[in-house]
Amino acid sequence: MSLPNERTPQNDGRKSGPRRFLEVLQQEGAALLQLNLVFLLSCVPLATIPPACLALHRILRRMEAGEGVHCWRDYWDAFRTAWRDGCAALLLTALPLAAAGYGMWFYLRFAASNPLFYLPFMLCSTVFLVTLLASTYLYGLLADGRALTRGALRLALVLGLGKPLRAVLAALLWYGPLLAALLWFPLSGAYLLLIGCSIPCLMGRLALAPVLESYGGAA
């Protein structure tokens with residue numbers, strides 16, 4: 001499976017890395033606090049989590065590109081248009097991750113007594129890893145303006161396998177702080193309420209920015 005042709009990066013204001021993170025933090029610090037609160041508010045019914053996740057990525061994409069953002073209005077506009085792709089993206093990523101994760105745990109319990117169980121364990125591990133890598137790029141592509149089509153899924157899979165280090169870094173930046181905060185809850189309650197979702201997601205997006213700028217973008 002080969003990577004798509006690399007494109008010449010466009011001068012759309014996007015940068016990546018710690019320097020750009022600090023710039024966004026300085027310019028959009030208050031907006032990031034508001035975005036985190038609005039995102040958590042929109043997740044309260046639980047059924048609204050899929051469009052909320054995609055809306056969060058789309059607003060952070062605009063901040064990352066240096067576009068002006070009115071947090072409340074722009075977030076809810078993105079939220080209203082993210083139902084279809086948000087729900088489909090969550091199903092296509094969360095279900096395989098959950099099933100593969102359960103399979104890893106299930107088969108590993110019996111592997112010590114019967115080495116043959118390592119075979120399905122390795123299969124589940126592969127599905128889990130590939131889905132995790134592809135899912136990071138999938139949300140990046142959707143936030144960049146792509147519709148959730150077979151082409152977008154194929155590109156996310158190709159990028160996940162072809163550029164895995166960026167995907168791993170993004171996943172660590174997204175899920176690592178959130179997992180640590182959940183483990184330290186309720187001491188981490190203020191962190192989760194103020195920046196626990198917006199800041200890690202921004203860091204993860206900036207880790208993927210060079211790849212998305214070269215290979216992704218709107219179809």
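A 4.5 Å side-chain heavy-atom check between Q34 and Y75 finds every atom pair outside the cut-off. Counting heavy atoms from C-beta on, the side chains of L148 and L138 come closer than 4.5 Å. Using a 4.5 Å heavy-atom cutoff, the side chains of L35 and M63 are in contact. Side-chain contact between L123 and L119: absent, with no pair of heavy atoms (C-beta onward) separated by less than 4.5 Å. For the pair C71/V38, no side-chain contact is recorded, criterion being any heavy-atom separation below 4.5 Å from C-beta on. Residues P45 and T48 meet the side-chain proximity criterion, which asks for heavy atoms closer than 4.5 Å.
No donor-acceptor pair closer than 3.5 Å links the side chain of D85 to the backbone N or O of L142. At distances below 3.5 Å, not a single donor-acceptor pair connects side-chain atoms of T131 with backbone N or O atoms of F128. Looking only at distances, no side-chain donor or acceptor of S214 sits under 3.5 Å from a matching main-chain atom of V211. A donor-acceptor distance shorter than 3.5 angstrom exists from the side chain of N36 to the backbone of L193, with no hydrogens or angles considered. Looking only at distances, a side-chain donor or acceptor of S198 sits under 3.5 Å from a matching main-chain atom of L32.
Note that CG of L202 and CZ of F21 are 6.0 Å apart. Values are rounded to the nearest 0.5 Å. Taken to the nearest 0.5 Å, the CE atom of M104 stands 8.0 Å off from the SG atom of C124. To the nearest 0.5 Å, the span separating CG on L212 from CG on L141 amounts to 5.5 Å. Note that OH of Y102 is 9.0 Å distant from OH of Y107, once rounded to the nearest 0.5 Å. Once rounded to the nearest 0.5 Å, the distance linking SG of C53 with CZ of R58 reads 12.0 Å. Here OG1 of T149 is found 9.0 Å from CG of L155. Values are rounded to the nearest 0.5 Å.
Between G86 and L54 the shortest heavy-atom distance is N-CD2, 3.7 Å. S42 and A52 get closest at one heavy-atom pair: OG-CB, 3.4 Å. Minimum interatomic distance between R205 and G140 (heavy atoms only, all atoms of both residues): NH1-CA, 3.5 Å. Taking every heavy atom of both residues into account, T81 and A78 meet most closely at OG1-O, 3.1 Å. The two residues V127 and P96 have their closest heavy-atom pair at CG1-O, 4.5 Å. The shortest non-hydrogen separation linking L161 to P164 is O-CD, 3.6 Å.
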Using residues 167-189 as the side-chain source, report each donor-acceptor pair under 3.5 Å to any protein atom, sequence neighbours left out, with the distance given to one decimal.
residue : atom : partner : partner atom : Å
W174    : NE1  : C201    : O            : 3.1
S188    : OG   : A181    : O            : 2.4
S188    : OG   : F185    : N            : 3.4

Could you list the donor-acceptor pairs under 3.5 angstrom formed between side-chain atoms of residues 24-31 and any protein atom two or more places apart in sequence or on another chain?
none

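Criterion: ILVMFWY side-chain heavy atoms under 4.5 Å apart, direct or through other members. Under it, L33 and V69 are part of a common hydrophobic cluster. Taking hydrophobic clusters as Ile, Leu, Val, Met, Phe, Trp and Tyr residues chained together by side-chain heavy-atom distances below 4.5 Å, W72 shares a cluster with I195.
Other residues, nucleotides and ligands place no more than 12 heavy atoms under 6.0 Å from the OH atom of Y118.
Between R20 and E23, at least one side-chain nitrogen of the basic residue sits less than 4.0 Å from a carboxylate oxygen of the acidic one, meeting the salt-bridge criterion.
Under the 30°/60° scheme for interplanar angles, the aromatic rings of F79 and W83 are found to stand perpendicular.
At least one test fails for R73 against the ring of W76: distance under 6.0 Å to the centre or angle within 45° of the axis.
Checked against the 6.0 Å centroid criterion, the rings of F117 and F110 qualify as a close aromatic pair.
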